[in-house]
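Being a predicted model, the structure only gives us computed values, none of them experimental. Chain identifiers are assigned alphabetically (A, B, ...) following the order of the sequence lines, protein sequences preceding nucleic acid strands; residue numbering begins at 1 within each chain.
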2 protein chains.
Amino acid sequence: MSIYSGAPHFLVAVDNIIFGFDGEKLKILLVHRHIEPEKGKWSLMGGFIGQNERPDTAALRVVRELTGISDIYMEHFEVFGEPQRDPIERTISIAYFTLIDINKYQHQINHAYSAAWFPLADAPQLIFDHDEMVKSALQKLRYKAALHPVLFELLPEKFTIPQITILYEEVYGIQLDKRNFARKLLSLELLIKLNEKEKESSKKGAFYYRLNEKNYKEKFGAMTKFIPFPYV
Amino acid sequence: MSIYSGAPHFLVAVDNIIFGFDGEKLKILLVHRHIEPEKGKWSLMGGFIGQNERPDTAALRVVRELTGISDIYMEHFEVFGEPQRDPIERTISIAYFTLIDINKYQHQINHAYSAAWFPLADAPQLIFDHDEMVKSALQKLRYKAALHPVLFELLPEKFTIPQITILYEEVYGIQLDKRNFARKLLSLELLIKLNEKEKESSKKGAFYYRLNEKNYKEKFGAMTKFIPFPYV
DNA sequence: CCAAAAGTGTTTTAGATACACCCATGA
DNA sequence: TCATGGGTGTATCTAAAACACTTTTGG
């Protein structure tokens, strides 16, 4: 018997706010909850921490089980621990914001869950305090992305400057000067220009770029101002 | 019986990394652990979350019980959940960095615990993963304080510009140009100059200032560059 | 009267912002 | 040939950084 036995024990969950970008809109990935209470309603991707599992490993596992994706950027941002947040039994939830390349998501890997992408601005009401989680996650993502190049995690291998610009505009809900923003992006030496153009969204076509992995890793920890402070 | 009954339950703790500043050195407040294991060794101020208690409330309670202080700035920064981190029983710890005015600390409020301030650079080895927690807390504090005026939480009601400068130099382990830094501080309109001088540390004496509470609250959320990015 | 720390002033430089214009191409 | 979005060039403005000097006063 533990010498800590006087102290209470709790269920501990992880919840992922999973962001994706389809080239036009910032989206979140939601699932139909398969257990009571609130069965069938939309929910974040979450699950309980296993007996011998670290919280961050649990968060990765949950996303892998439900989407099949294992190459994921995630970051813990807040603990939700209001005693009454889950009406059935008190659960302390460790929340992560999670960024995935939307193209890597293979629908219905696990058929027990039906998942769907929703534009952030147009998502259904979620169970428990999940709406609050999403709100807070977006705020933390904005904070992070104003100073670190995280948003590239949302893009496919090849992407264009106009695509990145739209992504930043979506995340912050602002209009950027495309000329200055392009100059900024290129000056960071994060991008490698490819000899190939994306021709769907314009007649002239926009050059594809890919990440310079080495510089990306080096500059990730450093603080680089991507978005002017007042907007954050 | 809960319908979540298949999932494991855990002890959940809060741990506070409590920072203070005595005018010269950045310090942390540690306690002698009063329970086994590692009884008598130095530890962070922590405790288990109560049955019906929020994590942040628990963190406040722990500090209040051990120091008598209830006017505290604290912020959650990380969850430590390695399964083996506590050798007796698995405990998931929610960690907070906590800033208090060192002058408000009344020694030995609670006689069951003996607490002491240690210069951060000269602290004893701590139990479990607490050294790692301190390291991570300092990093997060640096990040936060580079953009928000949190460090004023460490200062007494009245303080001088040279004191603030030393504080920032301590937190970041850097040398600042006192002329430029003073100008920066004053330009933010966070400070109200008092008609009184601190005469101990110099012949000329330095004017005392106090916080402009209104502007402080307003500018707290905004992002203001206090420390140049490369140092963070 | 001088050492030591407080405080004010000025120049330089880098980067953000604003804005004008040319380019490539499909319809 | 022209409308459309891609891309480059340049002038301006703001704030950070570098550096010099004056002020005050106890010993």
Side-chain angles (χ1 to χ4, degrees), chain A residues 23-24 145-147 149 155 158-170 172 174-210 219 222-232, chain B residues 23-24 145-147 149 155 158-170 172 174-210 219 222-232:
Chain A
E24 291 187 358
L147 296 163
L155 294 168
K158 297 186 301 185
F159 47 80
T160 67
I161 302 280
Q163 274 167 21
I164 311 175
T165 310
I166 293 169
L167 171 55
Y168 274 84
E169 289 182 331
E170 268 292 299
Y172 292 96
I174 57 172
Q175 282 287 108
L176 291 169
D177 182 310
K178 69 185 171 99
R179 298 161 294 186
N180 290 334
F181 194 68
R183 182 184 5 261
K184 175 85 191 189
L185 287 172
L186 294 170
S187 74
L188 298 171
E189 298 180 320
L190 290 173
L191 306 181
I192 295 167
K193 193 175 189 170
L194 304 179
N195 261 331
E196 192 185 348
K197 278 189 166 184
E198 189 277 336
K199 305 273 293 177
E200 299 225 336
S201 35
S202 76
K203 293 166 186 170
K204 183 176 176 181
F207 277 105
Y208 276 116
Y209 288 80
R210 63 178 177 83
K219 305 219 171 163
M223 283 166 105
T224 311
K225 205 163 109 187
F226 285 87
I227 295 289
F229 290 170
Y231 294 115
V232 182
Chain B
E24 291 187 357
L147 296 163
L155 294 167
K158 297 186 303 186
F159 47 80
T160 67
I161 303 280
Q163 276 169 19
I164 311 176
T165 311
I166 292 168
L167 172 55
Y168 275 84
E169 290 182 331
E170 268 292 299
Y172 292 95
I174 56 170
Q175 283 287 107
L176 290 169
D177 182 310
K178 68 186 172 95
R179 300 161 294 186
N180 289 335
F181 194 67
R183 182 185 4 260
K184 176 83 190 191
L185 288 172
L186 294 170
S187 74
L188 298 171
E189 298 180 320
L190 290 173
L191 305 180
I192 296 168
K193 193 176 190 171
L194 304 179
N195 261 330
E196 193 185 347
K197 279 189 166 183
E198 190 277 334
K199 303 276 292 179
E200 300 224 337
S201 35
S202 75
K203 294 166 185 171
K204 183 177 177 180
F207 277 104
Y208 277 115
Y209 288 79
R210 63 176 177 82
K219 305 219 171 165
M223 284 165 107
T224 312
K225 203 163 111 188
F226 285 86
I227 295 289
F229 291 170
Y231 295 114
V232 180

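As rounded to whole Å, 15 Å separates atom P of C/dC23 from atom CZ of A/F207. Spacing between atom OH of B/Y209 and atom P of C/dG7 amounts to 6 Å, rounded to whole angstrom units. The distance from atom CZ of B/F181 to atom P of D/dA18 is 15 Å, rounded to the nearest whole Å. Between A/K197 atom NZ and D/dG5 atom C1' there is a gap of 11 Å when expressed in whole angstrom units. For A/E200 and C/dT25, the CD to P distance is 17 Å, given to the nearest whole Å. Look at CG on B/L188: it is 13 Å from C1' on D/dA16, rounded to the nearest Å. Spacing between atom CD1 of B/I161 and atom P of D/dT24 amounts to 18 Å, rounded to whole angstrom units. In this structure, the OH atom of A/Y208 is 13 Å from the P atom of D/dG6, given to the nearest Å.
At most 12 heavy atoms of other shown residues, nucleotides or ligands fall within 6.0 angstrom of atom CD in A/E24.
Scanning all heavy atoms of the two residues, the minimum distance from B/N180 to B/D177 falls at N-OD1, 3.1 Å.
Mapped onto DNA chain D by nearest heavy atom, A/S201 and A/L186 fall at different nucleotides, with A/S201 at the one closer to the 5' end.
Under the 3.5 Å distance criterion, the side-chain polar atoms of B/E169 are matched with a main-chain donor or acceptor of B/L176. Using modelled atom types, one side-chain atom of A/Y172 and one backbone atom of A/A146 make a donor-acceptor pair closer than 3.5 Å. With B/K219 contributing its side chain and B/L188 its backbone, the two residues share a donor-acceptor pair below 3.5 Å. The backbone N or O of A/K225 sits less than 3.5 Å from a side-chain atom of A/K184, completing a donor-acceptor pair.
For the atom pair B/Y209 OH and B/E198 CD, the distance stands at 13.5 Å (nearest 0.5 Å).
Not a single donor-acceptor contact under 3.5 angstrom links the side-chain atoms of A/K204 to the base of C/dA24.
Each of C/dA24, C/dA6, C/dG26 was ranked by its minimum atom distance to the side chain of A/K203; first place goes to C/dG26.
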Just by protein heavy atoms under 4.0 Å, how would nucleotides 11-21 of chain C read 5' to 3' in B, S and -?
-> -----SBBBB-
